[in-house]
Structure formats: C-alpha cells, structure tokens
Novice: 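First the structure, which I've put down as structure tokens, then a few questions once you've had a look.
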Amino acid sequence: MDRYLVFGHPVRHSKSPFIHTLFARQTQQELEYGLAEPAIDEFAQALRTFFDQGGKGCNVTVPFKEQAFTLVDCLSPRAKRAGAVNTIKLTDDGVLLGDNTDGAGLVADLKSHGVTLADSRILLLGAGGAARGALAPLLAELPSELVIANRTHVKAQQLAAEFCDLGHVTAQTYEQLAGSFDLVINSTSASLQGELPPLAPALIHTDIAIYDMMYGASDTAFISLAKQHGARQTMDGLGMLVEQAAEAFTVWRGIRPGTKQVLRELKRNLGVI
C-alpha cells in the first residue's frame with residue numbers, strides 16, 4: 001500500500017491524516033497516511049529515510065517548509081515563487097518534486113465562500129512563509145491592489161518588491177493603512193496565541209470580508225474582533241486546510257477529491273458543528 005506522511009514539529013494535532021483518509025475513501029485510492037515529528041535538526045535524514053523505505057509522497061508543515069525547499073530535486077513554479085515546499089512527490093523516475101499548495105488552497109476556499117478577488121483591494125497581514133505562499137495565487141486573480149502590512153516593515157517591503165512583477169502590490173506600515181479594503185487576510189500566527197495583529201479597528205467596516213488563516217473550535221481573536229465591528233463576512237482557515245490538502249492529493253494521485261463533505265466531516269470532528 002502506498003505510504004504518505006506529514007512532517008512537522010509539533011504535528012500531533014494535525015488533521016491531515018483525517019482529511020487524506022477521507023479523500024482516499026472517496027476516490028477509492030489505496031493508501032495510508034501518517035504523522036512524522038522528527039527533531040528540528042533531524043528532518044533531512046527523516047525525509048531521506050522515508051523515501052528510501054518506499055514512501056510515495058508527503059506534506060511538510062511548520063517549521064520545515066523552507067528546509068524542504070532545499071532538499072528536493074526539482075521545484076514546481078509555484079514552489080519557486082513561494083520559496084517554500086509543503087508537498088513532495090516521488091515521481092515515477094525517482095525524482096523528488098517539491099510543490100506548494102497553500103496559496104491555491106486559500107484562493108479555492110475564498111472562491112467557495114463567494115469572495116470576489118478580481119478588481120478588489122486586498123490587505124494581507126504578515127510577511128512570513130504563509131504570506132509568501134499566498135501572494136502569487138492571489139495576484140493571479142487580478143486584484144486592483146494588494147497591500148502587505150507587517151510589524152517589521154522592511155520584510156513587507158522586500159516581499160512587495162519580490163512580487164511586484166505579478167501585479168499592483170505595495171507595502172505599508174500598520175500606521176499608514178488607510179482607505180477602504182474589500183478583503184483582509186490575516187496570515188500571521190497571532191491567533192495561535194489568542195493575540196491580534198495591530199490593525200486599527202476603524203479599517204473594519206460593514207462591507208468587508210475578513211479571513212484568518214488560523215482556525216479552531218471557536219472563533220479566533222481576529223474573527224471575534226471583526227464580528228464586533230460589523231464585518232459583512234468572516235472566515236477561518238479550516239477550508240484552506242482542506243483545499244490545500246485536496247491540491248496535494250491531486251499532485252500525488254492524479255485525481256481531485258471533492259472537499260465539501262470532507263470539510264463538513266472535519267468540522268464535526270473538531271466540534272465546530
């Protein structure tokens with residue numbers, strides 16, 4: 001039976017085995033999917049051992065995505081752009097292909113919620129790996145402007161400069177932010193600690209859509225803030241998790257699973273519904 005893993009540290013909380021088991025059942029694919037939590041300095045060896053022992057593919061999550069980028073044999077165009085790898089496939093000719101499905105998963109989830117990206121003004125909070133993975137897929141949807149805001153302004157400036165060939169992308173400090181945004185995406189990890197990015201609540205209005213890449217059994221702090229200030233639409237990252245997994249499954253197996261029922265099952269599993 002074909003073997004797949006998710007590498008992370010920590011990774012015991014991961015819902016990837018649950019999701020991919022449902023995908024396999026849905027598409028009648030025979031595979032098993034497990035967890036691997038190597039020490040931070042042992043990831044490279046653990047990855048090599050997994051594939052040497054017959055592994056077919058894996059997902060890679062925090063903190064190994066940037067390291068995985070350097071360990072594969074070749075990169076997909078979107079992995080090159082993201083500078084990080086979250087999906088690895090062993091091809092039929094023995095090559096380790098690195099891909100990044102995070103941005104595609106985000107865009108797919110936004111569209112499933114009916115969010116219009118074309119000609120919209122988007123604010124992306126954060127300039128780390130999650131933001132980097134999201135930028136090219138978001139800009140491919142042709143927003144009128146994409147603004148990056150980050151606590152460390154120089155990181156936002158560097159990211160905007162790197163992706164400016166793909167569209168109208170700029171960097172601003174949190175204090176500089178002004179005007180009306182159609183969509184705000186929080187790519188920071190603040191919600192994991194129950195904290196908030198330093199966004200002025202005045203920027204949240206009744207016709208704005210708010211997306212937090214983090215998720216949990218209850219609203220994140222950022223989504224709670226958005227609801228308190230009357231945001232028209234709020235979304236967490238649970239759908240993105242399922243959509244990026246579906247994209248990875250397609251890379252591995254050549255067949256795209258449906259996501260709606262799997263997302264419903266995942267919400268039940270988490271006690272969300």
Side-chain angles (χ1 to χ4, degrees), residues 6 14-16 19 23 59-62 65-66 76-87 98-150 156 159-160 162-163 166-167 169 181-192 197 208-216 220 222-223 226 231 233-251 256-260 262-263 266-267:
V6 56
S14 174
K15 294 300 179 182
S16 292
I19 293 168
F23 284 161
N59 289 127
V60 182
T61 188
V62 176
K65 292 183 183 183
E66 287 77 18
S76 71
R78 57 190 179 184
K80 287 181 183 178
R81 265 296 185 178
V85 161
N86 81 328
T87 299
D99 202 351
N100 191 304
T101 66
D102 285 332
L106 170 64
V107 168
D109 191 38
L110 286 166
K111 289 183 175 180
S112 76
H113 283 95
V115 176
T116 299
L117 298 173
D119 296 321
S120 63
R121 189 167 187 247
I122 300 173
L123 173 59
L124 179 62
L125 307 181
R132 176 178 289 274
L135 273 168
L138 284 171
L139 290 169
E141 297 298 318
L142 304 179
S144 61
E145 182 183 16
L146 193 153
V147 177
I148 306 170
N150 190 57
L159 208 54
E162 186 175 337
F163 285 84
L166 298 183
V169 53
F181 291 96
D182 301 297
L183 170 66
V184 179
I185 301 170
N186 180 25
S187 77
T188 75
S189 59
S191 291
L192 291 177
I208 201 169
I210 299 290
Y211 194 99
D212 194 338
M213 288 190 186
M214 302 300 109
Y215 62 88
T220 67
F222 189 58
I223 285 180
Q233 187 176 14
T234 58
M235 302 152 280
D236 68 14
L238 200 59
M240 175 182 173
L241 175 69
V242 175
E243 293 291 349
Q244 67 81 22
E247 188 77 9
F249 193 92
T250 307
V251 170
R256 187 170 191 87
T259 55
K260 290 183 179 179
V262 172
L263 180 57
L266 181 58
K267 287 182 177 179

Novice: Of Asp182, Ile122, Leu110, which meets side-chain contact (heavy atoms from CB on, under 4.5 Å) against Val115?
Specialist: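 That would be Leu110; it is the only one of Asp182, Ile122, Leu110 passing the side-chain contact (heavy atoms from CB on, under 4.5 Å) with Val115.
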Novice: Going by heavy atoms in the side chains, are Leu138 and Ile185 under 4.5 Å from each other?
Specialist: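 A side-chain contact exists here, since the closest heavy-atom pair is under 4.5 Å.
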Novice: Hey, are the side chains of Asn59 and Thr101 touching, using non-hydrogen atoms and a 4.5 Å cut-off?
Specialist: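 Answer no - side chains too far apart.
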Novice: Closest approach of Ala134 and Met213, non-hydrogen atoms and distance?
Specialist: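 Shortest heavy-atom contact: CB-CE, 4.0 Å.
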Novice: Locate the shortest heavy-atom distance separating Arg121 from Glu145; write the atom from each residue and the value.
Specialist: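 Taking every non-hydrogen atom into account, NE-OE1, 2.8 Å.
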Novice: side-chain contact (heavy atoms from CB on, under 4.5 Å) for Thr87 and Glu247? Distances and angles first, verdict last.
Specialist: CA-CA 9 Å; Thr87 299; Glu247 188 77 9; over 6 Å; no
Novice: Working to the nearest 0.5 Å, report the span between CD of Gln233 and CD1 of Ile210.
Specialist: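 Going from the CD atom of Gln233 to the CD1 atom of Ile210 covers 10.0 Å.
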Novice: Shortest non-hydrogen contact from Phe163 to Arg132?
Specialist: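 Shortest heavy-atom contact: CZ-O, 3.8 Å.
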Novice: Can you confirm whether Lys260 sits close enough to Val242 that some side-chain heavy atom of one is under 4.5 Å from a side-chain heavy atom of the other?
Specialist: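 The answer is no, as the side chains (C-beta and beyond) never meet within the 4.5 Å cut-off.
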Novice: Would you say the side chain of Phe222 lies within less than 4.5 Å of the side chain of Val184, judging by non-hydrogen atoms?
Specialist: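 The answer is yes; the side chains approach within 4.5 Å.
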Novice: Side chains of Leu117 and Val107: closer than 4.5 Å at any heavy-atom pair?
Specialist: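 Contact flag for Leu117/Val107 side chains = yes.
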Novice: Is the side chain of Arg256 donor-acceptor paired with the backbone N or O of Thr250 at a distance under 3.5 Å, no angle test?
Specialist: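 Not at all, since once roles are kept as given, no pair shorter than 3.5 Å links the two residues.
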Novice: Just how far is it from atom CG of Leu139 to atom CZ of Arg81, taken to the nearest 0.5 Å?
Specialist: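 So the CG of Leu139 and the CZ of Arg81 are separated by 9.0 Å.
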Novice: Taking the side chain as every heavy atom from C-beta outward, state whether Asp102 and Lys65 have any atom pair closer than 4.5 Å.
Specialist: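 Result yes, sub-4.5 Å side-chain heavy-atom pair found.
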Novice: Roughly how far, to the nearest 0.5 Å, is CG of Leu142 from CG of Asp119?
Specialist: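 CG of Leu142 is found 7.5 Å from CG of Asp119.
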Novice: Shortest non-hydrogen contact from Asn186 to Pro197?
Specialist: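 Reported closest heavy-atom pair: OD1-CG, 4.1 Å.
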Novice: How long is the straight-line distance from CE of Met240 back to CG of Leu263, given to the nearest 0.5 Å?
Specialist: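 Interatomic distance, Leu263 CG to Met240 CE, rounded to 0.5 Å: 13.5 Å.
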Novice: Which pair of non-hydrogen atoms, one from Ala130 and one from Ser187, has the smallest distance, and what is that distance?
Specialist: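 Scanning both residues, the minimum pair turns out to be CB-O, 3.8 Å.
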Novice: Once you round to the nearest 0.5 Å, how far does NZ of Lys15 lie from CG of Leu266?
Specialist: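 Going from the NZ atom of Lys15 to the CG atom of Leu266 covers 7.0 Å.
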Novice: Tell me, with the steps shown, if Leu135 and Leu166 meet side-chain contact (heavy atoms from CB on, under 4.5 Å).
Specialist: CA-CA 9 Å; Leu135 273 168; Leu166 298 183; over 6 Å; no
Novice: Looking only at heavy atoms, which two atoms of Thr234 and Ala226 are closest? And how far apart?
Specialist: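 That would be CG2-CB, 3.9 Å.
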Novice: Evaluate the side-chain proximity of Leu124 to Val169: yes if any heavy-atom separation is below 4.5 Å, no if none is.
Specialist: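 Val169 does not reach Leu124 side chain to side chain.
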Novice: State, with a plain yes or no, whether a side-chain heavy atom of Glu243 is found less than 4.5 Å away from one of Lys111.
Specialist: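 No, too far: nothing below the 4.5 Å cut-off.
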Novice: Just verifying a value: how many Å separate Ile208 CD1 and Ser120 OG, rounded to the nearest 0.5 Å?
Specialist: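 The CD1 atom of Ile208 sits 11.0 Å away from the OG atom of Ser120.
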